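Take a look at the structure set out below.
Numbers here simply count residues along the sequence, with the first being 1. These figures come from a predicted structure and were not determined experimentally.
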Amino acid sequence: MKIGIIGAGNIGGNLTRRLTALGHDVSVANSRGPHTLTALAEETGAKPVAVEEAALGAQVVVVTVPLKAVPDLPAGFLDGAAENVAVIDTGNYYPQQRDGKIAEIEDGLTESRWTERQIGHPVIKAFNGTYAQDILDKPLPKGAPGRVALPVSGDDEAAKKVVRDLIDELGFDTVDNGGQDESWRQQPGTPVYGNTGGVEEIRKALDAASPERTADWRA
């Protein structure tokens with residue numbers, strides 16, 4: 001597939017490494033410009049581009065930037081994407097550590113629903129509770145004992161299937177966490193966040209989540 005990755009930090013960089021290794025056509029962008037991505041491009045074969053060009057023709061776009069930077073993404077950056085593009089949101093709200101206060105999220109809006117409103121497009125929440133190194137170190141074949149499962153939330157069932165199939169190709173199982181209004185179950189501070197269990201453990205962790213955001217994760 002043609003895949004655009006916006007953000008070349010730990011998650012974005014390692015997804016670039018794995019997806020190019022699997023043979024996908026990957027364009028990668030960051031806020032500092034393509035000239036800063038030369039080393040990653042040489043390592044992986046991905047194409048370094050400006051943010052405005054990352055989604056051109058893409059069937060999947062990964063938005064993996066700090067939450068506070070989402071409103072700064074260029075207007076219409078998804079306009080040139082393939083029809084029915086699946087947009088993956090890996091973001092988390094870190095009010096004390098990085099993002100400052102975002103009132104709508106403090107008032108109970110899920111993080112990914114907030115992101116959807118900023119970019120004007122539905123998203124599939126995935127990889128937000130995944131350690132970046134695990135993307136490189138923990139893939140296993142389908143059916144293998146100890147295969148890690150990742151929770152996935154989103155309202156667009158067709159886009160969710162595309163994302164779940166891609167995650168399976170990357171070497172991980174998935175657990176459907178329902179629509180975006182349920183995505184609080186995989187936000188920071190919940191039992192599933194950072195959890196490297198299998199399907200049953202991840203299901204139990206999602207079920208055990210509380211909608212109350214703890215003090216550590218409030219502004």
Side-chain angles (χ1 to χ4, degrees), residues 5-16 28-32 36 51 54 61-75 77-78 86-135 148-156 160 163 167 174-197 202 204-219:
I5 298 179
I6 300 174
N10 294 334
I11 294 284
N14 284 351
L15 284 175
T16 299
V28 61
N30 66 7
S31 61
R32 294 176 295 143
T36 65
V51 174
V61 173
V62 184
V63 177
T64 180
V65 301
L67 212 66
K68 66 179 181 180
V70 169
D72 299 328
L73 291 170
F77 73 95
L78 292 170
V87 180
I88 300 174
D89 168 34
T90 76
N92 292 308
Y93 177 47
Y94 298 128
Q96 298 175 31
Q97 301 88 339
R98 182 190 66 194
D99 297 314
K101 181 176 181 178
I102 298 176
E104 297 96 323
I105 295 176
E106 294 282 336
D107 290 342
L109 189 67
T110 67
E111 297 165 11
S112 285
R113 187 69 80 196
W114 182 85
T115 294
E116 288 182 336
R117 293 183 181 182
Q118 304 307 306
I119 69 173
H121 195 282
V123 302
I124 305 299
K125 187 177 189 74
F127 298 108
N128 72 293
T130 308
Y131 296 112
Q133 194 60 35
D134 288 352
I135 294 171
V148 173
L150 307 184
V152 180
S153 305
D155 299 329
D156 183 333
K160 190 190 289 183
V163 173
I167 292 171
T174 57
V175 175
D176 190 339
N177 185 39
Q180 216 52 272
D181 291 334
E182 291 296 309
S183 64
W184 56 266
R185 295 179 183 274
Q186 63 188 89
Q187 292 178 170
T190 61
V192 84
Y193 183 75
N195 192 321
T196 56
I202 296 305
K204 288 176 183 174
L206 290 167
D207 287 344
S210 166
E212 288 299 314
R213 191 179 289 274
T214 61
D216 289 346
W217 303 104
R218 298 188 73 91

Heavy-atom pair with the smallest gap, counting every atom of V175 and A149: CG2-CB, 4.2 Å
Within-4.5 Å side-chain heavy-atom neighbours: H121 and E116: no
side-chain contact (heavy atoms from CB on, under 4.5 Å) evaluation trace for D134 with V148: CA-CA 9 Å; D134 288 352; V148 173; over 6 Å; no
Spatial distance of atom CD1 (I5) from atom OG1 (T16) [nearest 0.5 Å]: 3.5 Å
Give every donor-acceptor pair under 3.5 Å between a side-chain atom in residues 182-194 and any protein atom, sequence neighbours left out.
| unit_1 | atom_1 | unit_2 | atom_2 | d |
| --- | --- | --- | --- | --- |
| E182 | OE1 | R185 | NE | 2.7 |
| E182 | OE1 | R185 | NH2 | 3.4 |
| S183 | OG | T110 | OG1 | 3.4 |
| S183 | OG | Q180 | O | 2.7 |
| S183 | OG | Q180 | OE1 | 3.2 |
| W184 | NE1 | D181 | O | 3.3 |
| R185 | NH1 | L206 | O | 2.9 |
| Q186 | OE1 | S153 | OG | 2.4 |
| Q186 | OE1 | N177 | ND2 | 3.2 |
| Q186 | NE2 | K125 | O | 3.4 |
| Q186 | NE2 | N128 | OD1 | 3.0 |
| Q186 | NE2 | P151 | O | 3.4 |
| Q187 | OE1 | E111 | N | 2.9 |
| T190 | OG1 | R185 | O | 3.2 |
| T190 | OG1 | Q187 | O | 2.7 |
| Y193 | OH | Y94 | OH | 2.4 |

Residue of the set T64, T130, T115 for which side chain to side chain donor-acceptor pair (under 3.5 Å) holds with T90: T64
pair V62-F127: side-chain heavy atoms closer than 4.5 Å: no
Contacts of K68 that satisfy side-chain contact (heavy atoms from CB on, under 4.5 Å) - sequence neighbours left out: P66, R98, D99
Residue D72 excluded, over 12 heavy atoms near CG under 6.0 Å: yes
Closest contact, heavy atoms only, A132 versus I11: CA-CD1, 3.8 Å
T196 OG1 to Y131 OH distance, which is reported to the nearest 0.5 Å: 7.5 Å
Within-4.5 Å side-chain heavy-atom neighbours: N92 and L67: no
Note, V70 side chain near W114 side chain (heavy atom, < 4.5 Å): yes
Nearest non-hydrogen partners of I105 and R213, listed with the distance: CG2-NH2, 3.3 Å
Pair V61-I88, side-chain contact (heavy atoms from CB on, under 4.5 Å): steps then yes or no: CA-CA 6 Å; V61 173; I88 300 174; over 6 Å; no
Heavy-atom pair with the smallest gap, counting every atom of A86 and V163: CB-CG2, 4.1 Å
Residue pair V63, L73: steps toward the side-chain contact (heavy atoms from CB on, under 4.5 Å) verdict: CA-CA 10 Å; V63 177; L73 291 170; 4.0 Å; yes
Student check: side-chain heavy atoms of I202 and N195 closer than 4.5 Å: yes
Full working for salt bridge (Lys or Arg N to Asp or Glu O under 4.0 Å) between K101 and E106: CA-CA 7 Å; K101 181 176 181 178; E106 294 282 336; 5.9 Å; no
Within-4.5 Å side-chain heavy-atom neighbours: V152 and I124: yes
Check: Q96 side chain, A215 main-chain N or O, donor-acceptor pair, under 3.5 Å: yes
Shortest non-hydrogen contact from I6 toward A54: CG1-CB, 3.7 Å
Residue pair G179 / D155: nearest heavy atoms and the distance that separates them: CA-OD1, 3.2 Å
